[in-house]
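Quick notes on the structure that follows.
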Amino acid sequence: MDYDVIVVGGGPGGAMAARTCAEKGLKVLLLEKEDVPRYKACGGAVSWKALQIIGPIDEVQPQYRCYGATVYSPAMRKASHKLKEAVSILVFRSSFDHFLLKQAQDKGADINTGEKAISVNIIDEQVHVITTKGEYTAKLIIGADGVNSTVARETGLRKKWEAEGYGICIETEIELTPEDAEKCVLDKEMIEAYFLKSRGYGWIFPKGNIMSIGLGLWKPITIKPPQAFEDFISFLSKERGIDLAAHITKKFIHRVPVGGMNRKISGEKVLLVGDAAGFVDPFLGEGIYYAVASGSAAGEVAAEAIYHGTDLSAYQENCNSLFNKDLCIAFKFGNTFHKHIEKIFYLFDKDPELFRMYVLTGKGVLDYSKFIKKCILRTPVTLLRVVGITMRTAKE
């Protein structure tokens, strides 16, 4: 069957790409290898900036509003801030992804679930896709099929990731009694993060009585991820007085690409979005915003190419201006943060406005560039406070 565009992958990036293509009047097919709804290992934080692209998600139930974060350094220094308005909405990816696919379908996209793309070939100016159930052709293909992208591999855009181009994430969801859930979280409207001595952090995302608990490690990884995850669960169990390990029925381990690197994300008749393109915050690992933003951008460029005969080079430029330059800044920020983590937490303690601004960055009100500029402007104020406290202490 012939299409204008075939999208491979039914996550947020693929759903947004299919929705945008359909809104532009294109004949689009989305292929998702799993039956939907399906479980997806993810904290499920949909940021305010992602919602600006997606629109209302009131139909996604249940959902939980997050107003800020409490984070700890390896030495257990604490920084915390809660905004008056929500930073993000915490969702279960099974219902959230299903909602986005339904949106694309309502706009006119054909959605084939339980159908995996096996091979992709560009022959005679057409894209030929063979799946577990059939064969399709299209003018263009959009790869939204995650970190192990078949589209990237089959089209030659990427055979493998760079040595330090990805990290490892381990995640689980556990259901607790209401009483244990109250003990497990410090504030049900706040996420918690615990930074490690090695580059990475553990988290708790509260969703009612269900906790999303995970651990992310960026390369070079100096500790074994499974052992690090067990240690994190053991630490939380002792801190909260709950045997969390006894509640774990399944845990998932997968790779997460490091964003902010110069990668090829488009080629002849092919575009990559989301994790397939490596669009993930290299500091915190957040990927949903970058998936929907790149999916929308890919749909726009695909429509221009099909209707007006333009090439796909504008996609790289659009992604750079939208977020990729900022991901490069985030990459450098992450390196600096982890090298001087205790000093930075000390500054958070002496000038809480610094951490409040980072919460606004997570929300999307500020990007990393603006956040760093504001921090530099405030640093003299912070240093004066530190010096003042030091001098008073010396006199006493």
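Every value quoted in this text rests on a predicted model; they were computed, and no experiment measured them. Starting from 1, each residue takes its place in the sequence as its number.
Formation of a donor-acceptor pair under 3.5 Å by the E115 side chain with backbone atoms of L30 is not found in this model. Checking side-chain atoms of S237 against main-chain N and O of I233 turns up a donor-acceptor pair under 3.5 Å. S149 places no side-chain N or O within donor-acceptor distance of the main-chain N or O of D145, the cut-off being under 3.5 Å. In this structure, the side chain of D97 does not engage the main chain of G11 through any donor-acceptor pair within 3.5 Å. Here the side chain of R19 pairs a donor or acceptor atom with the backbone of I54 at under 3.5 angstrom. A distance-only check finds a donor-acceptor pair linking the side chain of T155 to the backbone of V151 [under 3.5 Å]. At distances below 3.5 Å, at least one donor-acceptor pair connects side-chain atoms of Y315 with backbone N or O atoms of L272. Between the side chain of S88 and the main chain of W48, no donor-acceptor pair closer than 3.5 Å is present. Side-chain atoms of E32 come within 3.5 Å of backbone N or O of G10 as a donor-acceptor pair. Between the side chain of Q63 and the backbone N or O of V60 there is at least one donor-acceptor pair closer than 3.5 Å.
Atom NZ of K339 is surrounded by 12 or fewer heavy atoms from other residues, nucleotides or ligands within 6.0 Å. The environment of NZ in K269 is crowded: more than 12 heavy-atom neighbours from other residues, nucleotides or ligands sit within 6.0 Å. The number of heavy-atom neighbours closer than 6.0 Å to NZ of K197, taken from other residues, nucleotides and ligands shown, is 12 or below. Within a 6.0 Å radius of CD in Q126, more than 12 heavy atoms belonging to other residues, nucleotides or ligands are found. More than 12 heavy atoms of other residues, nucleotides or ligands sit less than 6.0 Å from atom NZ of K207.
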Let's go through K82 and E189 carefully: what are the C-alpha distance in whole Å and the side-chain angles of both, what is the deciding distance for salt bridge (Lys or Arg N to Asp or Glu O under 4.0 Å) to 0.1 Å, and is it a yes or a no? CA-CA 9 Å; K82 191 172 187 178; E189 294 181 335; 3.0 Å; yes
For Y307 and L26, what are the C-alpha separation, side-chain angles and deciding distance, and is it a side chain to side chain contact (heavy atoms under 4.5 Å, CB included)? CA-CA 9 Å; Y307 286 132; L26 300 179; 3.6 Å; yes
Stepwise, does the side chain to side chain contact (heavy atoms under 4.5 Å, CB included) test hold for E268 with E125? CA-CA 9 Å; E268 184 186 3; E125 297 298 310; 3.9 Å; yes
Go through the steps for C328 and Y368 under the test side chain to side chain contact (heavy atoms under 4.5 Å, CB included), then give the verdict. CA-CA 9 Å; C328 294; Y368 276 94; over 6 Å; no
Should V28 and K107 be marked as a side chain to side chain contact (heavy atoms under 4.5 Å, CB included) after you check the CA-CA gap, both sets of side-chain angles, and the distance that decides it? CA-CA 10 Å; V28 56; K107 295 295 183 180; over 6 Å; no
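Within the 4.5 Å cutoff, side-chain heavy atoms of L215 are placed close to those of L196. Between W218 and Y166, every side-chain heavy-atom pair lies at or beyond the 4.5 Å cut-off. Between K116 and V8, every side-chain heavy-atom pair lies at or beyond the 4.5 Å cut-off. Looking only at side-chain heavy atoms (C-beta outward), V258 and V280 stay at 4.5 Å or farther from each other. Side-chain contact between L354 and Y358 is absent, with no heavy atoms from C-beta onward closer than 4.5 Å. Inter-residue side-chain proximity for D180 and K183 is flagged as met; some heavy-atom pair is nearer than 4.5 Å. In this structure the side chain of Y289 never reaches within 4.5 angstrom of the side chain of D281, judged on heavy atoms. Side-chain contact between N324 and Y290 is absent, with no heavy-atom pair separated by less than 4.5 Å.
Results of the side chain to side chain contact (heavy atoms under 4.5 Å, CB included) test with P206 over D187, V185, L176 single out V185 as the only residue that passes. Remark: of the listed residues N112, D2, D110, N112 is the sole one forming a side-chain hydrogen bond (donor to acceptor under 3.5 Å, both in side chains) with Y136. Screening F195, F371, Y201 for a ring-ring contact (aromatic ring centres under 6.0 Å, His included) with F337, the sole residue that qualifies is F195. C169 pairs in a side chain to side chain contact (heavy atoms under 4.5 Å, CB included) with only one of the listed residues (I253, V147, L217, V256), which is V256.
When hydrophobic clusters are built by joining Ile, Leu, Val, Met, Phe, Trp and Tyr residues whose side-chain heavy atoms come closer than 4.5 Å, directly or via intermediates, F229 is grouped together with L244. F99 and M16 fall within the same hydrophobic cluster, where Ile, Leu, Val, Met, Phe, Trp and Tyr residues are linked whenever their side-chain heavy atoms come under 4.5 Å apart, directly or through other members. Using a 4.5 Å cut-off between side-chain heavy atoms of Ile, Leu, Val, Met, Phe, Trp and Tyr, with links allowed through other members, I248 and F252 fall into different hydrophobic clusters. A chain of hydrophobic side-chain contacts below 4.5 Å, direct or via other Ile, Leu, Val, Met, Phe, Trp or Tyr residues, connects W203 to F355. With hydrophobic clusters built from ILVMFWY side chains whose heavy atoms lie under 4.5 angstrom apart, I213 shares a cluster with Y72.
Distance check, rounded to the nearest 0.5 Å: SG of C66 to NZ of K188 gives 13.5 Å. To the nearest 0.5 angstrom, I89 atom CD1 is 4.5 Å from I57 atom CD1. Within the model, atoms CG of D243 and OG of S234 stand 9.0 Å from one another, a figure rounded to the nearest 0.5 Å. Rounding to the nearest 0.5 angstrom, the gap separating the OG atom in S119 from the CD1 atom in I130 is 3.5 Å. Summarising the geometry, atom CD1 belonging to I174 is positioned 9.5 Å from atom OG belonging to S212; distances are rounded to the nearest 0.5 Å. Distance check: I6 CD1 to L140 CG gives 10.0 Å after rounding to the nearest 0.5 Å.
Ring pair F279/F323 is perpendicular by interplanar angle, where above 60° counts as perpendicular and below 30° as parallel. Ring geometry for F345 versus F348: interplanar angle over 60°, hence perpendicular rather than tilted (30 to 60°).
Defined by atom type and a distance below 3.5 Å, a donor-acceptor pair is missing between the side-chain atoms of N148 and R153. A side-chain donor from one of S313 and D311 sits under 3.5 Å from a side-chain acceptor of the other. Judged by distance alone, the side chains of E34 and T113 never bring a donor and an acceptor atom under 3.5 Å apart.
A salt bridge does not link D349 to K78: none of the charged nitrogens lies less than 4.0 Å from a carboxylate oxygen. A salt bridge is defined here as a Lys NZ or Arg NE, NH1 or NH2 lying under 4.0 Å from an Asp or Glu carboxylate O, and R240 with E192 meets this definition. Taking the charged nitrogens against the carboxylate oxygens, R77 and E342 do have a contact shorter than 4.0 Å, which makes a salt bridge. Under a 4.0 Å N-O distance rule, the pair D4/K27 does not qualify as a salt bridge. Residues R263 and E162 are paired through a salt bridge, judged by an N-O separation under 4.0 Å between the basic side chain and the carboxylate. Salt bridge E85/K363: present, at least one basic N to carboxylate O contact under 4.0 Å.
Legend: residues meeting side chain to side chain contact (heavy atoms under 4.5 Å, CB included) with L366, ordered by chain and number and at least two apart, are M357, L360, T361, K370, K374.
Centroid-to-centroid, the aromatic rings of Y194 and F235 come within less than 6.0 Å.
In this structure, R199 is positioned above the aromatic face of F331, its NZ or CZ under 6.0 Å from the six-membered ring centre and within 45° of the axis.
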